[in-house]
Amino acid sequence: MTVPAKVKREVISLREQIKHHNRLYYSLDAPEIPDADYDALLIRLEELEKEYDLVISDSPTQRVGGAPLSQFAEVTHEIPMLSLAKVFSEKDLRDFETRIKKRLGSEEELVYSCEPKVDGIAVSLLYVDGLLNRAATRGDGVIGEDITHNVKTIRSIPLKLSQKKSRSRLEIRGEIFLSKPGFESINKKALNEGSKIFVNPRNTAAGAVRQLDSKATAKIPLEMYCYSVGIVEGINLPRRLSAIFEELAELGLPVNPERKTANGIDGCIDYCMSLLSKRGDLVYEIDGAVIKVDDLITQQALGQNTKSPRWAMAYKFPAEEKSTKILDVGFQVGRTGTITPVARLDPVFVGGVTVSKTTLHNMDEIERLGLRIGDTVVVRRAGDVIPKVIKVLNQGENKNREKVKLPNNCPACGSPIEKDGEVLYRCSTRFICPAQQKESIKHFSSRTAMDIEGLGSKLVDQLVDEGLISNVADIYLLTTQQLSQLERMGMKSAQNLVDMIEKSKDTTLLRFLFALGIREVGDATALALVNHFGDIDPIAKATSEELEEVEDIGPIVAEHISAFFENKDNLSLIEKLKKVGIKWPTVDVGASERPLEGQTFVLTGTLETMSRSNAKTKLSGLGAKVVGSVSQNTNFVVAAPGAGSKLTKAEDLGVKIMNEEEFLFFLDDLS
Ligand code: IVH
């Protein structure tokens with residue numbers, strides 16, 4: 001097709017204008033034209049490219065998203081994407097420097113590159129001959145997912161570098177994030193459209209980069225800052241990280257303007273403190289600072305641990321605190337009938353999420369805080385921890401503030417409330433209370449319990465409210481017909497759910513025992529019981545004394561277990577569950593060997609495939625001792641993602657280290 005010169009000129013000019021406005025908007029945060037004018041330029045360019053077949057891979061129109069994918073392709077990182085060890089105090093930062101100086105055998109002052117630890121999602125961008133060729137998530141550090149289609153929608157990421165070097169490959173690593181204003185604007189839109197509200201910027205960004213449909217990603221105004229390079233071929237980069245950042249900026253890549261070099265660890269500590277004081281003013285969420293040895297040759301000399309480089313450290317900020325108002329206090333009924341006071345708060349953004357309600361634990365806690373309705377309180381939230389009211393600010397003022405009163409009757413079923421022990425209150429009935437019914441069914445179907453996929457919290461509420469189920473055995477009597485009549489449930493989803501319910505019947509004793517929801521029996525205690533007794537009947541028949549023979553089971557837990565199995569309703573429920581076909585293999589406890597007798601283990605980081613208590617019980621079941629700190633006497637350290645100083649210490653002491661996969665193989669070999 002011949003393209004008129006006029007059209008060619010217009011297309012070139014439109015591309016330049018759009019790129020210019022992108023830069024003003026995203027890199028300099030200083031837009032010159034309204035959004036609508038910008039959109040008009042983009043629409044015109046799209047029309048011309050389509051009409052005259054002029055689409056090129058780095059045209060700004062390629063950022064609007066293409067046809068949805070059916071699945072993500074895997075990407076193997078040629079150079080693994082490491083994570084960072086983290087510290088929480090000034091002292092730990094000083095120890096970090098002492099350690100690296102010792103390793104280097106030099107007292108010479110070190111220069112560091114200091115950067116904000118942006119709270120987003122790591123990404124690897126591969127530029128081949130200056131063109132964005134592939135973008136991938138970090139995944140497990142070795143294998144990630146191809147998210148090129150989504151990353152192309154991020155306007156601050158250039159599709160083409162400003163200097164194209166032929167036969168070059170340059171891999172940029174950085175953090176994709178959603179700014180606070182970006183988050184607010186999409187939530188405002190969601191509110192207007194009546195669609196789902198996003199919880200926090202990080203989760204929204206994480207969800208957006210993992211969309212199969214890039215048109216959905218394009219609706220989220222994601223951004224990125226580079227923090228390091230991976231593959232560098234056919235290009236010369238300086239030998240200092242700080243200078244590399246300058247070079248990346250020259251190439252048109254976004255680098256964080258808050259980055260700074262610092263002399264010695266004192267300089268780094270000053271940086272961390274000054275960044276902390278600025279935290280609230282930054283337009284994006286950060287959860288700490290990252291300090292890195294600036295000189296790449298020194299970095300190389302220091303090398304890396306299994307998961308993280310020795311030349312870098314994340315300094316995590318302390319928990320964030322904000323003040324807000326207590327609007328009201330309600331009462332929630334738990335799985336075993338405990339009545340918990342829950343505060344409704346004037347929504348406040350703290351530690352990365354908007355908090356609008358939080359547990360006050362029990363009436364004593366309310367007393368201790370001196371909390372009354374209408375009070376202004378301080379709420380603290382760190383990491384993924386549940387937000388907590390830590391103090392009342394207006395204590396002592398106006399004695400007429402409304403007191404929090406414990407109701408006399410259960411808010412869910414109206415039965416009288418009873419005191420249970422020192423601080424707890426409980427609904428006095430068990431099987432008829434709808435709140436307890438709902439909570440115990442939710443617990444039963446949860447992932448660590450019977451793992452009934454699709455039977456989520458909302459659906460359980462709906463099923464109980466409609467009178468279709470009232471206990472866990474009823475789940476197994478549900479029919480496709482019944483389910484398909486529920487609101488928002490088609491025949492196909494109903495069939496899927498019935499299939500998943502059926503699938504859950506083939507289970508393990510551990511899952512089943514845990515799923516029963518016996519008071520104080522979490523997955524670790526359940527495992528200890530399984531390893532000791534091997535099947536449900538011996539557990540049910542055991543006396544409190546016999547139960548106390550199990551490791552880590554004390555008199556209180558033993559009492560709860562025997563009380564549970566003395567209750568006729570519970571026994572008949574178990575019978576019903578067995579009758580509908582729930583089955584598990586018995587565990588051979590007679591032949592129980594203790595192959596790890598005399599071996600000491602330390603677990604560090606967060607295991608992805610099992611809970612820490614589960615791992616601990618498994619190890620102790622095999623005879624090993626699991627302790628909290630690494631020493632000369634430690635035989636093995638199991639280092640899961642997020643492992644920190646224990647891992648470093650293990651490496652220094654030459655203790656054998658296993659990652660999660662190796663640990664699972666190790667356990668498999670023993671059983
Ligand atoms: S450096 C080899 N710098 O934090 C070092 N990471 O656990 C690799 N992050 O996966 C990371 N801001 O997603 C580095 N300025 C920064 C960062 C940063 C955020 C994230 C990154 C990484 C995680 C570390």
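Numbering of residues begins at 1 and proceeds along the displayed sequence. Just follow the structure's listing: the first ligand is 1, and inside any ligand the first atom is 1. Since we're looking at a predicted model, the values are computed, not measured.
For atom 12 (N) of ligand 1, the closest heavy atom belonging to the protein is Val118 N, 3.2 Å. Scanning the protein for heavy atoms near atom 8 (C) of ligand 1, the closest one is Leu82 O, 3.8 Å. Among protein heavy atoms, atom 11 (C) of ligand 1 sits closest to Tyr227 CE1, 3.6 Å. Protein heavy atom nearest atom 15 (N) of ligand 1, with residue, atom name and distance: Glu115 OE1, 2.8 Å. When only non-hydrogen protein atoms are considered, atom 2 (C) of ligand 1 lies nearest to Pro309 CG, 3.5 Å.
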Which donor-acceptor pairs under 3.5 Å do the side chains of residues 233-245 make with protein atoms, sequence neighbours left out?
{"from": "Glu233", "atom 1": "OE1", "to": "Arg169", "atom 2": "NE", "distance (Å)": "3.0"}
{"from": "Glu233", "atom 1": "OE2", "to": "Arg169", "atom 2": "NH2", "distance (Å)": "3.3"}
{"from": "Arg239", "atom 1": "NE", "to": "Asp295", "atom 2": "OD1", "distance (Å)": "2.8"}
{"from": "Arg239", "atom 1": "NH2", "to": "Asp295", "atom 2": "OD1", "distance (Å)": "2.8"}
{"from": "Arg239", "atom 1": "NH2", "to": "Asp295", "atom 2": "OD2", "distance (Å)": "2.9"}
{"from": "Arg240", "atom 1": "NH1", "to": "Asp294", "atom 2": "OD2", "distance (Å)": "3.4"}
{"from": "Ser242", "atom 1": "OG", "to": "Asp294", "atom 2": "OD1", "distance (Å)": "3.3"}
{"from": "Ser242", "atom 1": "OG", "to": "Asp294", "atom 2": "OD2", "distance (Å)": "2.7"}

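Applying the 4.0 Å criterion to heavy atoms of Glu175 picks out, from ligand 1, the atoms 9 (N), 13 (O), 19 (C), 20 (C), 21 (C). Short contacts between ligand 1 and Ser83, defined as distances under 4.0 Å to a heavy atom of the residue, involve ligand atoms 7 (O).
The N/O atoms of Trp311, backbone and side chain alike, include none that comes under 3.5 Å of an N/O atom in ligand 1.
Between Phe317 and Tyr315, the ring planes lie perpendicular to each other; the angle is over 60°, past the 30° to 60° tilted range.
In this structure, of Lys292, Met313, Met81, Lys117, the residue bringing a heavy atom nearest to atom 3 (N) of ligand 1 is Lys292.
The side-chain hydrogen bond (donor to acceptor under 3.5 Å, both in side chains) test with Glu115 is passed by exactly one of Arg259, Lys292, Lys260: Lys292.
Listed here is the closest heavy atom pair of Asp129 and Ser166: OD1-C, 3.6 Å. Summarising the geometry of Pro641 relative to Glu608, their closest heavy-atom pair is CG-OE2, 3.4 Å, with the distance given to 0.1 Å. The two atoms that bring Leu159 and Ser59 nearest to each other are CD1-O, 3.6 Å, heavy atoms only.
For the pair Gln299 (side chain) and Val293 (backbone), a donor-acceptor distance under 3.5 Å is present.
Taking the charged nitrogens against the carboxylate oxygens, Asp95 and Lys91 do have a contact shorter than 4.0 Å, which makes a salt bridge.
Remark: distances from the non-hydrogen atoms of Pro116 to ligand 1 include one below 4.0 Å.
With a heavy-atom cut-off of 4.0 Å, Ser308 does not touch ligand 1 at all. If you look at Leu84 next to ligand 1, the close heavy atoms, those under 4.0 Å, come from the backbone and the side chain alike.
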